[in-house]
J.: 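The structure under discussion is supplied below as structure tokens; questions concerning it will follow.
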Amino acid sequence: MPEVPDFITENILELLKEVRKYKFSFVMATVDFSGIHRDIVHSLCNVGTLVVFKSGYREAQMLSRELNAYAEDLQFLPNYWFGYITPRD
């Protein structure tokens, strides 16, 4: 789903919580978090796999905690490089 801010609501978050037990896959993408409420952003970071490309300051600050990385590293990633985290067992 491109441009998550156009579609994301509390109802979608509830749906995602319910379908996890069925191994449901859902890909969401956005350029930045400016159009998404902060609480929803924190919920979206609690996913199975998180992939991060070069990020702006605000996004890098939030995502660095999830990836256990430095925010500066996420801000200045070279083109075509990315950071990721996979589900923890």
Side-chain angles (χ1 to χ4, degrees):
M1 176 183 295
E3 291 306 320
V4 171
D6 295 339
F7 301 98
I8 201 72
T9 64
E10 290 290 333
N11 294 335
I12 295 271
L13 292 177
E14 289 300 317
L15 173 71
L16 293 175
K17 287 179 191 175
E18 294 299 319
V19 297
R20 286 176 88 175
K21 58 187 164 198
Y22 300 109
K23 308 265 185 210
F24 182 75
S25 295
F26 194 67
V27 177
M28 295 182 280
T30 189
V31 174
D32 61 34
F33 294 145
S34 63
I36 307 173
H37 190 273
R38 188 176 184 95
D39 293 338
I40 293 175
V41 170
H42 288 295
S43 296
L44 292 176
C45 287
N46 184 21
V47 297
T49 301
L50 181 63
V51 178
V52 178
F53 292 90
K54 187 185 299 185
S55 303
Y57 177 80
R58 180 175 175 235
E59 289 78 14
Q61 294 297 318
M62 296 169 79
L63 294 168
S64 64
R65 286 175 248 148
E66 297 298 323
L67 294 171
N68 197 24
Y70 294 109
E72 294 81 21
D73 292 342
L74 298 177
Q75 280 184 269
F76 302 109
L77 278 171
N79 290 341
Y80 310 109
W81 286 44
F82 60 94
Y84 70 94
I85 189 168
T86 56
R88 299 176 187 103
D89 290 332

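Residue numbers start at 1 and run along the sequence shown.
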J.: Testing Leu67, Val51, Leu50 for side-chain contact (heavy atoms from CB on, under 4.5 Å) with Tyr84, which one passes?
T.: Val51

J.: Among residues at least two apart in sequence or on other chains, which ones pass side chain to side chain donor-acceptor pair (under 3.5 Å) with Glu18?
T.: none

J.: Once ring pair (Phe, Tyr, Trp, His ring centres under 6.0 Å) is applied, what residue pairs with a partner in residues 50-80 remain, sequence neighbours excluded?
T.: Phe53-Phe82

J.: Quick one: closest heavy-atom pair of Val52 and Leu77, and the distance?
T.: O-CD1, 3.9 Å

J.: Are Trp81 and Ile85 joined in one hydrophobic group, where the rule is that I, L, V, M, F, W and Y side chains link up if heavy atoms are under 4.5 Å apart?
T.: yes

J.: Please find the pair of heavy atoms, one from Lys54 and one from Gln75, that lie closest to each other, and give the distance.
T.: CG-O, 3.1 Å

J.: Can you name the side chain to side chain contact (heavy atoms under 4.5 Å, CB included) partners of Ala71, sequence neighbours left out?
T.: Ala60, Gln61, Ser64

